[in-house]
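What follows is a short report on a single structure.
Values below: all heavy atoms of this structure, side chains included; hydrogens, waters and symmetry mates excluded. By convention here, the first residue in the shown sequence is residue 1.
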Amino acid sequence: MNEMATNDVTPRTDPDAPPLLEIEKLHVHFALRGGALMRTQATVKALNGVDLTLRQGEIFGLVGESGCGKTTLGRALVGLAPVTSGSIRFKGEDLIDGRRNGDGDEKWALKIQLIFQDPYASLHPRKQVRDLVGEGLHINGLAKNHEIDRRSLEMLERVGLGVDHLYRYPHEFSGGQRQRIALARALVLHPELLVLDEPTSALDVSVQAQTLNLLKQLQQELGLTFLFISHDLGVVRYMSHRIAVMYLGHIVEMGETRDIFAAPRHPYTKSLLSALPSIHPDKRSRRIVLEGDPPTPIDPPPGCPFAGRCPRTEDRCRAEKPVLHRAQTSGVNHAVACHFPETP
């Protein structure tokens, strides 16, 4: 999987079109409560000022180690995580204001769908596939009776299943088949943006490859936009047109996939890429082992979030938080949040 090539398919985007999704200064904090009165004892700062833009028709990869905030960002997009501050605009309309006013969820639920990491946990164990896939059509009044079955079967066939699967239950399927059912359930609503949260991490390697190829095929055929969340750099490299690297609730580097893998500028990105194995002796890099553990999101450091583990830390790093800015010597789409970025 780690030897997969970079995604060479050019995204079908219009350079003059406005962004499909715009995230600005997004903060997501969770209160930890305790005591007899359940008062707030501490605050987990899961996301701290995330800025992100997705173009129509691209696959955008979001990568980072466990606990960095990747899944929280995906859940915030679909309203499953509370947004403390910031804005999320989809096709120019503010999703957060709409949710607060109580008139946004139904409208945008059809346009933004989330595929969960565990396909078995996300499927009701007592419902047949026909009900699982067609439920969204029924709830949103998009189809009735036989039309629901017809459209459900049409989408199941598109993801590689068939009529003999309609009346079976989730426990009768393999992990890869369950993920295809979850994919059909999302796609039957004809969304424009799919948030894929580690969609292949629970699958065998051979099934992973089949699922990834299916996702790329559907993305190109249907003109979808993907936010692809994963900790697997090989998978992200294979799938994504652009990549953002997250650390402790911050985006530390962002750019075209080829630029990130060929010339990482942030020390954290460089350490992640050094762990990628290669069968080619001339492409192997020296493993960079980070010392210490990531700081807790309950009490993040005041300066750079990576300062405590970075081999290039200076006094400025511990006092001043770097902002994401264009790298001077890289392509126009490469940005890094570091006071002293690596030389390409």
Side-chain angles (χ1 to χ4, degrees), residues 1 4 7 9 57 59 71 74-75 77-78 80 106 108-230 232 235 238-239:
M1 188 68 68
M4 284 181 172
N7 190 346
V9 178
I59 301 177
T71 294
R75 294 174 70 87
L77 291 182
V78 297
L80 296 180
E106 295 81 3
W108 298 116
L110 299 176
K111 300 297 183 182
I112 306 175
Q113 286 288 305
L114 172 64
I115 304 294
F116 293 92
Q117 177 177 354
D118 186 350
Y120 188 67
S122 65
L123 300 175
H124 197 297
R126 296 186 180 182
K127 287 190 175 183
Q128 295 177 333
V129 170
R130 65 180 294 271
D131 299 317
L132 291 169
V133 176
E135 185 174 22
L137 296 172
H138 173 71
I139 291 175
N140 292 282
L142 300 177
K144 294 182 179 180
N145 304 326
H146 296 296
E147 178 67 10
I148 293 179
D149 288 346
R150 186 191 67 79
R151 292 173 63 173
S152 298
L153 177 58
E154 182 181 88
M155 192 54 66
L156 282 171
E157 290 176 340
R158 195 149 199 171
V159 300
L161 300 175
V163 64
D164 55 326
H165 299 110
L166 274 176
Y167 301 98
R168 295 165 62 182
Y169 294 88
H171 72 270
E172 301 179 67
F173 295 92
S174 66
Q177 289 174 319
R178 291 173 192 152
Q179 197 62 287
R180 289 171 187 256
I181 295 170
L183 185 59
R185 179 177 60 178
L187 292 179
V188 77
L189 298 176
H190 299 291
E192 296 183 47
L193 172 63
L194 272 189
V195 181
L196 298 149
D197 184 13
E198 304 270 12
T200 60
S201 63
L203 308 179
D204 294 336
V205 174
S206 61
V207 180
Q208 281 188 30
Q210 297 172 13
T211 305
L212 293 175
N213 289 332
L214 174 64
L215 287 170
K216 291 184 72 170
Q217 176 185 338
L218 291 170
Q219 188 268 337
Q220 294 172 34
E221 291 177 353
L222 302 176
L224 298 168
T225 304
F226 287 173
L227 176 61
F228 193 91
I229 301 171
S230 179
D232 190 322
V235 169
Y238 176 66
M239 289 293 296

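- The two residues Val129 and Ile181 make their nearest non-hydrogen contact at CG2-CD1, 3.7 Å.
- Residues Gly176 and Val207 share a closest heavy-atom pair of CA-CG1, 3.6 Å.
- Between atom CG of residue Leu222 and atom CD of residue Glu192 there is a gap of 12.0 Å, rounded to the nearest 0.5 Å.
- By the 4.5 Å heavy-atom criterion applied to side chains, Leu142 and His190 are not counted as neighbours.
- Side chains of Leu183 and Leu214 form a contact here, defined as non-hydrogen atoms less than 4.5 Å apart.
- Qualifying side chain to side chain contact (heavy atoms under 4.5 Å, CB included) partners for Ile139, counting only residues two or more places apart in sequence or in other chains: Glu135.
- Rounding to the nearest 0.5 Å places NZ of Lys216 at 4.0 Å from OH of Tyr238.
- Inter-residue side-chain proximity for Val188 and Leu137 is flagged as met; some heavy-atom pair is nearer than 4.5 Å.
- Residue pairs meeting the side-chain hydrogen bond (donor to acceptor under 3.5 Å, both in side chains) criterion with at least one member in residues 112-122, sequence neighbours excluded: Gln117-Ser201.
- Here the closest non-hydrogen pair linking Gln128 and Leu166 is CB-O, 3.8 Å.
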Test side-chain hydrogen bond (donor to acceptor under 3.5 Å, both in side chains) on Asp131 and Tyr169 and set out the steps.
CA-CA 10 Å; Asp131 299 317; Tyr169 294 88; over 6 Å; no

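- Nearest heavy atoms, Met239 versus Leu215: CE-CB, 3.9 Å.
- In this structure, CZ on Arg75 lies 5.0 Å from CG on Leu80, to the nearest 0.5 angstrom.
- With values rounded to the nearest 0.5 angstrom, Thr71 atom OG1 is found 6.0 Å from Glu198 atom CD.
- Side-chain atoms of Phe226 and Ile115, non-hydrogen and from C-beta on, never get closer than 4.5 Å to each other.
- With Gln179 contributing its side chain and Pro199 its backbone, the two residues share a donor-acceptor pair below 3.5 Å.
- Taking both residues in full, the closest heavy atoms of Leu194 and Leu224 are given as CD1-CD1, 4.4 Å, listed atom of the first, atom of the second, then distance.
- Under a 3.5 Å cut-off, the side chain of Arg130 and the backbone N or O of Tyr167 do not form any donor-acceptor pair.
- Summarising the geometry, atom NE2 belonging to His165 is positioned 10.0 Å from atom CZ belonging to Arg180; distances are rounded to the nearest 0.5 Å.
- Expressed to the nearest 0.5 Å, how far CG of Asp197 lies from CD1 of Ile229 amounts to 4.5 Å.
- The nearest pair of heavy atoms linking Lys127 to Pro170 is O-CD, 3.4 Å.
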Apply side-chain contact (heavy atoms from CB on, under 4.5 Å) to the pair Arg151 and Glu147, showing each step before the final yes or no.
CA-CA 6 Å; Arg151 292 173 63 173; Glu147 178 67 10; 3.1 Å; yes

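- In this structure, Glu154 pairs ionically with Arg150, as a charged nitrogen and a carboxylate oxygen lie closer than 4.0 Å.
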